[in-house]
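Quick notes on the structure that follows.
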Amino acid sequence: MSQDPSTAPVGAQEIVFDRVVKAYPGAAAPAVDDLSLTVPAGEICVLLGPSGSGKTTALMMVNRLAEPTGGDIRIGGRSVRDMDPIELRRSIGYVIQSAGLFPHQTIADNVATVPRVLGWAKKRTRERVAELLDLVGLPVNEFGGRYPAQLSGGQRQRVGIARALAADPPVMLMDEPFGALDPITREHVQDEFLALHDRIRKTVVFVSHDIDEAVKMGDRIAVLREGGRLAQYDEPRTLLKEPADAFVARFVGADRGLKRLSLLRLSDLEPAAAGEDSAGLPELPAEATLRAALSLMVAQGTDRVRVRGADDTRLGTVSLDAVRKAGAA
Ligand SMILES: Nc1ncnc2c1ncn2[C@@H]1O[C@H](COP(=O)(O)OP(=O)(O)OP(=O)(O)O)[C@@H](O)[C@H]1O
Ligand SMILES: [Mg+2]
């Protein structure tokens, strides 16, 4: 999802953590210690680390739900210290694990929260709510009048995202937004969010303690260790290939080779011509990941898969050996 700076989206803003410290009063050690990193405009940065490593604290300092005790955070070049905290919070989308919807308000009213506070005209608010609910796949006619309890967990989470997007904020903060979902729903909502992000290109800081989620969602991953210190900040494939130290290596796991395969797609490889003998091979679309291809080969006991292009055209075959080489590259 990285992009050429010249095509950086209008409205998305760079976020800079500049030697940020948060020491809670009475605590033996800071929750966040000397954190410096830059999130380019329009990218998704995942803060990854074990429980207590300061991820939530780092996130909450961006919209000043927590005040830094040292250093500075700048959004689009402006220090958050110079912004009014209430206005700052209105200008930033915030999604938390339980979606945090108001239980006694309808879905439409929940999504309208910030536009109402900002005093938008009724018609404009209504149109925005309809547009956003459509964007997250919950048409207003069907879902707008329901209450949060009448939705599934995944649907509630999508409403949380729609609500966070309501005033078109340049920045979104997401704190384990999909943590409460079952694995299948989570994967689905992750895919939806990535597709949405491709269209709207906000700058997103996304907290997770799940390396698979981080690799999938992040343009960059910041690994934090106990005491809120930055262990490594890199693109997912670099993190998996070259963990900075033993802590990061342990955190990304022994199967990081497999995880790297999940970052590559069959379309990234040069397929071999499909001969007559390829007729019985299992087949995958070109967008399938190499990890999926490997699983299929193992499950079917073959050492090749056939690759299907758009419009069901056959592109050729990819071998186990080619997958292995790509994973090692
Ligand atoms: N309001 C607070 N007052 C004092 N200490 C706090 C406060 N909030 C968090 N802490 C401490 O700061 C440290 C970092 O907490 P934080 O919530 O940022 O961690 P986290 O990485 O988000 O963890 P988790 O994965 O469990 O959500 C912890 O040691 C925590 O106990
Ligand atoms: Mg947390």
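Computed from a predicted model, the values in this text were never measured in an experiment.
Under 4.0 Å is where a charged nitrogen must lie from a carboxylate oxygen, and between Glu131 and Arg128 at least one such pair does. Under 4.0 Å is where a charged nitrogen must lie from a carboxylate oxygen, and between Asp175 and Lys55 no such pair does. Lys325 and Asp321 are joined by a salt bridge, as a carboxylate oxygen and a charged side-chain nitrogen come within less than 4.0 angstrom of each other. At a threshold of 4.0 Å, the pair Asp303-Arg324 does not count as salt-bridged, since none of the basic side-chain nitrogens sits closer than that to a carboxylate oxygen.
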*Apply side-chain contact (heavy atoms from CB on, under 4.5 Å) to the pair Leu269 and Leu290, showing each step before the final yes or no.*
CA-CA 9 Å; Leu269 302 185; Leu290 296 191; 3.8 Å; yes

*CA sep, side-chain torsions, deciding dist, call: Asp134, Val140, side-chain contact (heavy atoms from CB on, under 4.5 Å)*: CA-CA 7 Å; Asp134 221 34; Val140 70; over 6 Å; no

_Evaluation steps, side-chain contact (heavy atoms from CB on, under 4.5 Å), between Leu194 and Met217_ = CA-CA 7 Å; Leu194 285 175; Met217 305 302 289; 3.9 Å; yes

*Please report the C-alpha distance between Tyr147 and Thr106 in whole Å, then the side-chain angles of each, then the deciding distance to 0.1 Å, and finally whether the side-chain contact (heavy atoms from CB on, under 4.5 Å) criterion is met.*
CA-CA 5 Å; Tyr147 289 87; Thr106 63; 3.8 Å; yes

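Counting only distance, with no hydrogens or angles, the side chain of Arg291 and the backbone of Leu261 share no donor-acceptor pair below 3.5 Å. Looking only at distances, no side-chain donor or acceptor of Gln300 sits under 3.5 Å from a matching main-chain atom of Ser295. Of the possible polar contacts, none joining the Lys259 side chain to the Asp212 backbone as a donor-acceptor pair under 3.5 Å is found. Side-chain atoms of Arg201 do not come within 3.5 Å of backbone N or O of Ala12 as any donor-acceptor pair. When atom types are taken as modelled, the side chain of Gln157 and the backbone of Pro177 share a donor-acceptor pair closer than 3.5 angstrom. Under a 3.5 Å cut-off, the side chain of Arg265 and the backbone N or O of Ala288 do not form any donor-acceptor pair. Checking side-chain atoms of His197 against main-chain N and O of Lys202 turns up a donor-acceptor pair under 3.5 Å. Asp72 places no side-chain N or O within 3.5 Å of a backbone atom of Asp18 that could act as its donor or acceptor partner. Side chain of Gln232 to main chain of Ala244: a donor-acceptor pair is present (N/O by atom type, distance under 3.5 Å, no hydrogens or angles). In terms of modelled atom types and a separation under 3.5 Å, the side chain of Asp245 and the main chain of Val248 share a donor-acceptor contact.
Taking CE of Met60 as the reference point, atom CD1 of Ile96 lies at 10.5 Å (rounded to 0.5 Å). Between the CG atom in Leu240 and the CG atom in Asp234 there is a gap of 10.0 Å [rounded to 0.5 Å]. Atom CG of Leu48 sits about 7.5 Å away from atom CG of Leu239, to the nearest 0.5 Å.
Under a cutoff of 6.0 Å and an axis angle of 45°, Arg163 and Phe102 form a cation-pi pair.
Scanning both residues, Val159 and Val111, for their nearest heavy atoms gives CG1-CG2, 3.9 Å. Nearest heavy atoms, Ala58 versus Leu47: CB-CD1, 4.0 Å. Considering all non-hydrogen atoms of both residues, Pro148 and Pro103 come closest at CD-O, 3.6 Å. Residues Leu37 and Ala222 approach most closely at CD2-CB, 3.6 Å, considering heavy atoms. Scanning all heavy atoms of the two residues, the minimum distance from Tyr233 to Arg220 falls at OH-CD, 3.3 Å. For the residue pair Thr203 and Gly42, the shortest heavy atom distance occurs at OG1-N, 3.0 Å.
Residue Leu296 is not grouped with residue Leu281 when hydrophobic side chains (ILVMFWY) are merged at heavy-atom distances under 4.5 angstrom, including chains of intermediate members.
Side chains of Glu213 and Ser208: a donor on one and an acceptor on the other come within 3.5 Å.
At a threshold of 4.5 Å between non-hydrogen side-chain atoms, the residues Glu283 and Val305 do not count as touching.
Evaluation of the ring pair (Phe, Tyr, Trp, His ring centres under 6.0 Å) rule for Phe193 yields no partner, not counting sequence neighbours.
Here Phe178 and Phe206 bring their ring centres to under 6.0 angstrom of each other.
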Side chains of residues 19-30: which donor-acceptor partners sit under 3.5 Å, not counting sequence neighbours?
{"from": "Arg19", "atom 1": "NE", "to": "Asp34", "atom 2": "OD1", "distance (Å)": "2.9"}
{"from": "Arg19", "atom 1": "NH2", "to": "Asp34", "atom 2": "OD1", "distance (Å)": "3.4"}
{"from": "Arg19", "atom 1": "NH2", "to": "Asp34", "atom 2": "OD2", "distance (Å)": "3.2"}
{"from": "Lys22", "atom 1": "NZ", "to": "Glu67", "atom 2": "O", "distance (Å)": "2.7"}
{"from": "Tyr24", "atom 1": "OH", "to": "Thr57", "atom 2": "OG1", "distance (Å)": "3.4"}

